[in-house]
Amino acid sequence: MDYIDLNLGGQLLLEELAQQACYSPFHLLRLFRDYLGETPAIYVQRLRLERAATLLQRYPKMKITDVALATGFSSAAVFSRAFRKHFAMTPKAWCKQDFWKPCGYYFYWRDQDCSDCPNRTQRSIELPEDFAVLPADSSKPEGLKDVKVVELPEINFAYTRAFGEYGPGASYPQWHKLFAWMDQHLSCRPRMMMAQAMDNPLVTLGTQCRFDAGFIVEQPLPANRFLSSKTIPAGRYLKGVFEGNAQQEAAMIRHLWSNYIPEHGLRVHPTHSGLGLVNTADYSELPKLDQQSTIVIDHYIPLLPRDSRPSIEVS
């Protein structure tokens, strides 16, 4: 999976993926269908289109050709046909960003009958009146202690992956399973816990959003039935220091993405995902996870290097 994320700009043929995973092509195809409900080809195509949609959302003046080539399409024409088939609109129409509709915790781009949605119960959850979706309140949210741009070193991350809509407390069952595994298999508590939201919830279907939860290790760990391992690249990040509950954390994240970044002229990295780091030294025991508990977390949003600028022309 991580190999695909790192190489979306390449061809990513089934034989290549099978070799990386140490499976036969037939076995890999069956695993993808059982685990994701998609073939490798459909999964790769969807990730490419979602990455392209995120690029166009963040940088609507980028050249369509540049977006196509950066996300693994052979030409702007091939990309535009695939984009229209998946999103029911052209890339240029997408760039206008006048298609958002409220859905669950976020805004959504699809025009669909939510009564048939398998997550309808979750989508229709009643939220507090002050728990607004986009646009977020421009004032500094409660619990946000400090915001600054920092450089992070390369990080080795051992993690579990779950699929589902992002939202306050949505990842707690995944964390509880991880904590139970650590109690049984680790002799000491990890120094730093970490989470990574892999997808843009304004683009990816809620049921397909990926969330990785785990801990930092000195060296990459060999994969096992429960844990996978990957390396987070070094780079420039916007760091938000936060202390509060789950709803306040969600409001803080929205504020950083929707207000702080555009107001300060920062450019989000198009291929890296945001991070959340918890220093377990701040707790006498592992953090308690419920809607009202106070959590202390550093939230990191990946930024482009200072000298990097996306193309500003529209083809």
Side-chain angles (χ1 to χ4, degrees), residues 1-17 29 32-33 36-103 106-114 116-117 134-135 163 166 197-210 257-258 261-262 267-274 302-304 308-315:
M1 297 293 184
D2 297 322
Y3 181 81
I4 292 175
D5 288 324
L6 294 172
N7 294 277
L8 277 178
Q11 285 190 317
L12 293 176
L13 300 176
L14 178 61
E15 292 75 14
E16 177 186 356
L17 297 178
L29 186 64
F32 259 80
R33 285 173 172 165
L36 298 174
E38 299 175 296
T39 66
I42 292 175
Y43 177 77
V44 169
Q45 178 88 329
R46 176 172 64 80
L47 290 191
R48 284 173 170 162
L49 290 168
E50 290 171 354
R51 179 172 290 183
T54 296
L55 271 172
L56 292 172
Q57 176 200 353
R58 294 174 181 167
Y59 306 111
K61 294 185 178 181
M62 276 191 76
K63 286 185 177 181
I64 302 299
T65 300
D66 290 344
V67 173
L69 297 178
T71 50
F73 292 91
S74 59
S75 69
V78 171
F79 165 66
S80 295
R81 285 195 297 270
F83 193 96
R84 184 164 190 168
K85 182 178 179 181
H86 185 77
F87 290 101
M89 67 184 78
T90 66
K92 288 186 178 181
W94 178 271
C95 289
K96 295 179 181 178
Q97 299 188 7
D98 58 357
F99 44 82
W100 301 114
K101 301 177 185 297
C103 184
Y106 301 99
F107 273 62
Y108 199 48
W109 54 266
R110 288 184 190 269
D111 184 13
Q112 65 180 20
D113 180 6
C114 289
D116 295 330
C117 177
L134 297 176
F163 296 85
Y166 301 149
M198 297 296 295
D199 296 293
N200 179 353
L202 297 179
V203 174
T204 303
L205 275 169
T207 53
Q208 295 174 325
C209 284
R210 301 165 294 167
W257 282 90
S258 304
I261 284 177
R267 293 181 173 84
V268 177
H269 200 292
T271 61
H272 297 173
S273 301
L303 303 175
L304 285 170
S308 295
R309 292 177 175 268
S311 172
I312 60 172
E313 298 180 27
V314 179
S315 60

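Side-chain contact between Pro40 and Leu29: present, with at least one pair of heavy atoms (C-beta onward) separated by less than 4.5 Å. A 4.5 Å side-chain heavy-atom check between Arg81 and Val78 finds at least one atom pair inside the cut-off. Residues Glu50 and Asn200 fail the side-chain proximity criterion, which asks for heavy atoms closer than 4.5 Å. Taking the side chain as every heavy atom from C-beta outward, Arg267 and Leu303 never approach each other to under 4.5 Å. Side chains of Lys63 and Leu69 form no contact here, defined as non-hydrogen atoms less than 4.5 Å apart. The side-chain heavy atoms of Leu49 and Phe73, taken from C-beta on, include a pair separated by under 4.5 Å. Under the 4.5 Å side-chain criterion, counting only non-hydrogen atoms from C-beta, Val67 is in contact with Phe79.
Proximity of a side-chain donor or acceptor of Trp94 to a complementary backbone N or O of Leu56 within less than 3.5 Å is not detected. Checked by atom type and distance alone, the side chain of Thr71 pairs as donor or acceptor with a backbone atom of Ala68 at under 3.5 Å. Between the side chain of Asp199 and the backbone N or O of Arg210, at least one donor-acceptor pair lies under 3.5 Å.
For Arg46 and Glu38, the salt-bridge test passes: some basic side-chain N is under 4.0 Å from an acidic carboxylate O.
Minimum heavy-atom separation, Pro91 to Ile64: CB-CD1, 3.8 Å. Considering every non-hydrogen atom in both Ser273 and Ala197, the closest pair reads CB-O, 3.3 Å. What you find for Leu17 and Ile4 is that their closest heavy atoms are CD2-CG1, 3.7 Å. Contact record, Val268 with Tyr59: O-OH, 2.6 Å, taken as the closest heavy-atom pair. Closest heavy-atom contact between Gln57 and Pro60: O-CD, 3.8 Å.
Between the CZ atom in Phe163 and the OG1 atom in Thr207 there is a gap of 10.0 Å [rounded to 0.5 Å]. With values rounded to the nearest 0.5 angstrom, Gln45 atom CD is found 10.0 Å from Thr39 atom OG1. Separating the OG1 atom in Thr54 from the CG atom in Leu47 is a distance of 10.5 Å, to the nearest 0.5 Å.
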